[in-house]
Amino acid sequence: MECPVVVHEGQKLNKMAAIGQKWVPLYQVDAFTDQPFGGNAAAVCLLGDEELTDDHLQKIAAEMNQSETAFICKLSPQDDFISSSVFRLRWFTPVSEMLLCGHATLASAGALFYVIKNPSSQLTFQTLSGDLFARREGDFISLDLPENKSQPQDGGKYKDLIKATIGSFPVQEVRFCSSVGGDLLIRIPDSITREQFEKMTPDIQGMMAAHQEEIRGVIVTLKGSLENGCVDDEGVQYDFVSRFFDPWSGLPEDPVTGSAHTVLASYWAKELGKTEFYGKFVYFDVVLYFHD
């Protein structure tokens, strides 16, 4: 996944830790865009030697009120953010810790590369989803994220949630991925047009009422074609278009999510027999490379 970022350096956030008053450097980063105030925003905190509890981290994330706040930690006191290339990384929504977040990983790499001026060609982040890699690719940052495979799912178990999400649209296939935290993948028929897809308006209250504990979010995806209008401004066809809904985490719709693409890339690689994709997440174009 190759993407640009824009970094806004925020004011330092004052928090009280057990060892006294501490200052935590804080940045807001717009991922998947080269325009200020565009893309998908994440907060990034550089924790350094600070030993903050999970409760502190959760409170900071709640105060930031972004879809995700990333916390970058050094692995040892001898490391530093300027010259080291391996860090620990955690992500919190305003209400809970996440197993994986693509755009906040991209934001973390952007803060280190462009603000801290870390000269490394590649950064490694140790996370709950394993080691993730961010590399410089010209004006872009390339992320290596894990494959998250989905399995066929009987839609009857989630019929109320599916109905609340896609309304009267027919369902072509339903799948479930547990490894990313619990994503329900709904594919709608190829005959649905891009215009219809983008105008789809989920019943958010209905989704909240039908939510089941194992579900992190709902991905809705459509195969792209010239016939259904899934093309960019230059007339180039998208391989697929997608949307992601997660209202129970305080965000009705995520404008673009890297973690959902770890599920989508795995699914569409098998469906299309391809390893390179040109996709659209409603608001943003995304280039994906899949390595099995």
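One-based numbering along the sequence shown.
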Salt-bridge criterion met for [X] and [Y] (N-O under 4.0 Å):
| X | Y | result |
| --- | --- | --- |
| Lys199 | Glu195 | yes |
| Lys280 | Asp232 | no |
| Glu214 | Lys157 | yes |
| Arg175 | Asp183 | no |
| Lys223 | Glu271 | no |
| Arg135 | Asp144 | yes |

Heavy-atom pair of closest approach, residues [X] and [Y]:
| X | Y | result |
| --- | --- | --- |
| Ser108 | Ala104 | OG-O, 2.8 Å |
| Ser179 | Leu99 | O-CD1, 4.3 Å |
| Phe125 | Ala109 | CZ-N, 4.0 Å |
| Pro202 | Phe245 | CG-CE2, 3.4 Å |
| His103 | Ala41 | NE2-O, 3.1 Å |
| Gly102 | Leu145 | CA-CD1, 4.3 Å |

TODO: Test ring pair (Phe, Tyr, Trp, His ring centres under 6.0 Å) on Phe87 and Phe81 and set out the steps.
DONE: CA-CA 9 Å; Phe87 304 94; Phe81 291 116; 5.6 Å; yes
Quiz question: by atom type and distance under 3.5 Å, do the side chains of [X] and [Y] form a donor-acceptor pair?
| X | Y | answer |
| --- | --- | --- |
| Thr127 | Trp91 | no |
| Ser85 | Ser120 | no |
| Thr69 | Gln66 | no |
| Glu147 | Ser266 | yes |
| Thr193 | Asn228 | no |
| Trp268 | Thr221 | yes |

Point-to-point distance, once rounded to the nearest 0.5 Å, from [atom1] of [X] to [atom2] of [Y]:
| X | Y | atom1 | atom2 | value |
| --- | --- | --- | --- | --- |
| Leu184 | Ile219 | CG | CD1 | 8.5 Å |
| Ile72 | Tyr27 | CD1 | OH | 9.5 Å |
| Asp131 | Leu89 | CG | CG | 11.0 Å |
| Ser67 | Met98 | OG | CE | 9.0 Å |
| Asn148 | Thr262 | CG | OG1 | 3.5 Å |
| Ile116 | Ser83 | CD1 | OG | 12.0 Å |

Any link between [X] and [Y] through a network of hydrophobic side chains (Ile, Leu, Val, Met, Phe, Trp, Tyr) touching at under 4.5 Å?
| X | Y | value |
| --- | --- | --- |
| Val218 | Met208 | yes |
| Leu226 | Phe240 | no |
| Val86 | Ile141 | no |
| Ile188 | Val231 | no |

Task: Intermediate values then yes/no, side chain to side chain contact (heavy atoms under 4.5 Å, CB included), Leu100 and Leu128 - done: CA-CA 7 Å; Leu100 177 64; Leu128 291 176; over 6 Å; no
Open item on the list: Run Val220 and Ile166 through side chain to side chain contact (heavy atoms under 4.5 Å, CB included) and show every step you take.
Closed with: CA-CA 8 Å; Val220 185; Ile166 66 172; 3.9 Å; yes
Open item on the list: Just to verify, what does Tyr267 make a side chain to side chain donor-acceptor pair (under 3.5 Å) with, not counting sequence neighbours?
Closed with: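 Only Glu173, Arg187 meet the side chain to side chain donor-acceptor pair (under 3.5 Å) criterion with Tyr267.
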- [ ] State which residues pass side chain to side chain donor-acceptor pair (under 3.5 Å) with Thr165; sequence neighbours excluded, sorted by chain then number.
- [x] none
Hey, are the side chains of [X] and [Y] touching, using non-hydrogen atoms and a 4.5 Å cut-off?
| X | Y | answer |
| --- | --- | --- |
| Phe71 | Arg88 | no |
| Leu47 | Leu52 | yes |
| Cys101 | Ser259 | no |
| Gln122 | Thr124 | yes |
| Ile82 | Lys117 | no |
| Phe133 | Leu123 | no |
| Leu222 | Cys230 | yes |
| Ile60 | Glu63 | no |

- [ ] Start with the C-alpha distance between Asp254 and Asn40, add both sets of side-chain angles, then the distance that settles side chain to side chain donor-acceptor pair (under 3.5 Å), and finish with yes or no.
- [x] CA-CA 8 Å; Asp254 202 327; Asn40 196 4; 2.6 Å; yes
Task: Stepwise ring pair (Phe, Tyr, Trp, His ring centres under 6.0 Å) check, Phe281 with Phe244 - done: CA-CA 8 Å; Phe281 215 77; Phe244 182 81; 7.0 Å; no
Open item on the list: Classify the ring geometry of Trp248 against His211: parallel below 30°, tilted from 30° to 60°, perpendicular beyond 60°.
Closed with: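 Rings of Trp248 and His211: parallel, under 30°.
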TODO: Starting from the C-alpha separation in whole Å, work towards a yes-or-no answer on side chain to side chain contact (heavy atoms under 4.5 Å, CB included) for Asp239 and Leu272.
DONE: CA-CA 8 Å; Asp239 291 306; Leu272 302 177; 3.9 Å; yes
Task: Arg216 and Asp246: CA distance, side-chain angles, deciding distance, salt bridge (charged side-chain N to carboxylate O under 4.0 Å, His left out) verdict - done: CA-CA 7 Å; Arg216 176 192 78 139; Asp246 184 18; 5.9 Å; no
TODO: Determine yes or no for a side-chain-to-main-chain donor-acceptor pair under 3.5 angstrom, with Arg194 supplying the side chain and Ser225 the backbone.
DONE: no
Open item on the list: Please enumerate all residues that pass side-chain contact (heavy atoms from CB on, under 4.5 Å) together with Thr53, with sequence neighbours excluded.
Closed with: Asp55, His56
TODO: With Arg136 as the cation and Phe113 as the aromatic partner, state whether NZ or CZ is under 6.0 Å from the six-membered ring centre and within 45° of the axis.
DONE: yes
Open item on the list: Determine whether Thr105 and Leu143 satisfy the following criterion, side chain to side chain contact (heavy atoms under 4.5 Å, CB included), listing intermediate values before the conclusion.
Closed with: CA-CA 8 Å; Thr105 303; Leu143 292 183; 4.1 Å; yes
